[in-house]
Protein chains: 2
Amino acid sequence: MNTNQRFAISIHALTLLAANSAPLTSEMIAGSVDTNPVVIRRTMAGLRQRGLVKSKSGAHGGWKLMRDPKQILLCDVYLSLGEDTVLAIHAHPNKYCPVGGNIKGTLQEIFSVTQNAMMDSLRQVTIADVLADVRAKGKK
Amino acid sequence: MNTNQRFAISIHALTLLAANSAPLTSEMIAGSVDTNPVVIRRTMAGLRQRGLVKSKSGAHGGWKLMRDPKQILLCDVYLSLGEDTVLAIHAHPNKYCPVGGNIKGTLQEIFSVTQNAMMDSLRQVTIADVLADVRAKGKK
DNA sequence: TACATTTGTAACTATAATTGTTACGAATAT
DNA sequence: ATATTCGTAACAATTATAGTTACAAATGTA
């Protein structure tokens, strides 16, 4: 199984921030996600670089959203992680084989289209949508 | 980076088989992929289970396609690997938090839609398409 | 100013997924 | 019979990711 949980953690953290106007500390977020505060800081660093959140050191510091949750698309969140494409290509297919010598380019093109399809899907959902759905589930 | 190359290896192997009517041994395929024959056998086992290829032990044995390459969709190939969804969810969000207690279900739904978008994209490409593209690149 | 709080980040360990390797039995063609 | 080839278990090696510790820097408040 894939152990990369950074995307899920990012969405979780942003949803918490969307639900709270006061800043949340890494420790509070880590408590809800069930991980170490450093893992949260590490993950949030990418979100900050992309302008989705800001952080403040010191007493009463923590994390805040920089945008209306309606304006945060999940594809923005994904991109902030700086991940490669989800489908990986083997490193050294045999150059002297007619198939091996050309398959990397072919796979790159196909996997890029697939990645775009994934991104288009993530473009349809905002952090506001996530929060609304979480709240709806909470009422049931 | 994601190190799971099984999907790329499977496509590579099937493309080799599509280009050759005689059976190919795990060793030959491994030579083109640049890996160990056991890795090939392991990967091909899933493809066989799904009825995409057959294998034969012994002298002049090896692997053959069970279908016209035009009828092998990349989504079939992907499914034969038995992978989880490409987007993973963190294991134990805090149940007693209004967000943490409900986010898993929300993420499952979103990630499932995204996975389907990916599959729809992979449904548009066949092994015959891959072989044609590889050959076209070889002529340039 | 002193102190408590909180982030930023480096350094390291732990865990888990994946690949790579060795070994050997079973199947099969000649 | 013999050589070939797959099937698979067992294990080692590599890599990605998460988790942890430690401490400097920033910041609010008494």
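A, B, ... follow the sequence lines: proteins, then strands. Residue 1 opens every chain. The analysis underlying the following values was restricted to heavy atoms, covering all of them including side chains, and did not include hydrogens, waters or symmetry mates.
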Peer 1: Starting from P on C/dT7, measure out to CG on A/L17 and report it in whole angstrom.
Peer 2: 11 Å
Peer 1: Pick out the pairs of N or O atoms, protein on one side and nucleotides 9-14 of chain C on the other, that lie under 3.5 Å.
Peer 2:
residue	atom	partner	partner atom	Å
C/dA11	N6	A/R42	NH1	3.4

Peer 1: Name the closest nucleotide to the A/H60 side chain, picking from C/dT19, C/dA17, D/dT29.
Peer 2: D/dT29
Peer 1: Can you check the A/M44 CE to D/dA18 P distance for me, whole Å?
Peer 2: 15 Å
Peer 1: Taking all non-hydrogen atoms of both residues into account, name the closest pair between B/P23 and B/M28 and its distance.
Peer 2: O-CE, 3.9 Å
Peer 1: Starting at the 5' end of DNA chain D and moving along, which residue's nearest nucleotide shows up first, A/T35 or A/S57?
Peer 2: A/T35
Peer 1: Is any side-chain N or O of B/K54 closer than 4.0 Å to OP1 or OP2 of D/dC6?
Peer 2: no
Peer 1: Distance from A/T43 atom OG1 to A/I11 atom CD1, nearest 0.5 Å?
Peer 2: 12.0 Å
Peer 1: Can you tell me how far P of C/dG20 sits from CG of B/N4, to the nearest Å?
Peer 2: 12 Å
Peer 1: Rounding to a whole Å, what distance do you find between B/Q5:CD and C/dA17:P?
Peer 2: 17 Å
Peer 1: Checking contacts here: which listed nucleotide (C/dT21, D/dG19, C/dA17) is nearest the side-chain heavy atoms of B/V39?
Peer 2: C/dT21
Peer 1: Is any side-chain N or O of B/K56 closer than 4.0 Å to OP1 or OP2 of D/dT4?
Peer 2: no
Peer 1: With distance as the sole test, does B/K104 use its side chain to make a donor-acceptor pair with the main-chain N or O of B/A91 at under 3.5 Å?
Peer 2: yes
Peer 1: For B/G100, does its backbone N or O pair with a side-chain atom of B/N94 as donor and acceptor, under 3.5 Å?
Peer 2: no
Peer 1: State which of C/dA29, C/dT18, D/dC6 makes the closest approach to the side chain of B/T3.
Peer 2: C/dT18
Peer 1: Send over the distance from A/K64 NZ to C/dT7 C1', rounded to a whole Å.
Peer 2: 16 Å
Peer 1: Reckon B/G58 touches a base, only the sugar-phosphate, or nothing at all at heavy-atom distances under 4.0 Å?
Peer 2: base
Peer 1: I'd like to know if the side chain of B/N20 and the backbone of B/A22 have a donor-acceptor N/O pair within less than 3.5 Å.
Peer 2: no
Peer 1: Separation of A/M1 atom CE from D/dT17 atom P, in whole Å?
Peer 2: 14 Å
Peer 1: Taking all non-hydrogen atoms of both residues, which atom of B/V33 and which atom of A/H90 are closest, and how far apart?
Peer 2: O-CD2, 3.6 Å
Peer 1: Tell me the interatomic distance from A/M28, atom CE, to C/dT5, atom P, rounded to whole angstroms.
Peer 2: 13 Å
Peer 1: Specify the separation, in whole Å, of atom CZ of A/F7 and atom C1' of D/dT17.
Peer 2: 17 Å
Peer 1: Any donor and acceptor pair, going by atom type alone, linking the side chain of B/D120 with main-chain N or O of B/A117 inside 3.5 Å?
Peer 2: no
Peer 1: I want to confirm an ordering. Mapping A/P37 and A/N2 to their closest nucleotides on DNA chain D, which one lands closer to the 5' end?
Peer 2: A/N2
Peer 1: Between D/dT17, C/dT7, C/dT21, which nucleotide has the shortest distance from any of its atoms to the side chain of B/N36?
Peer 2: C/dT21
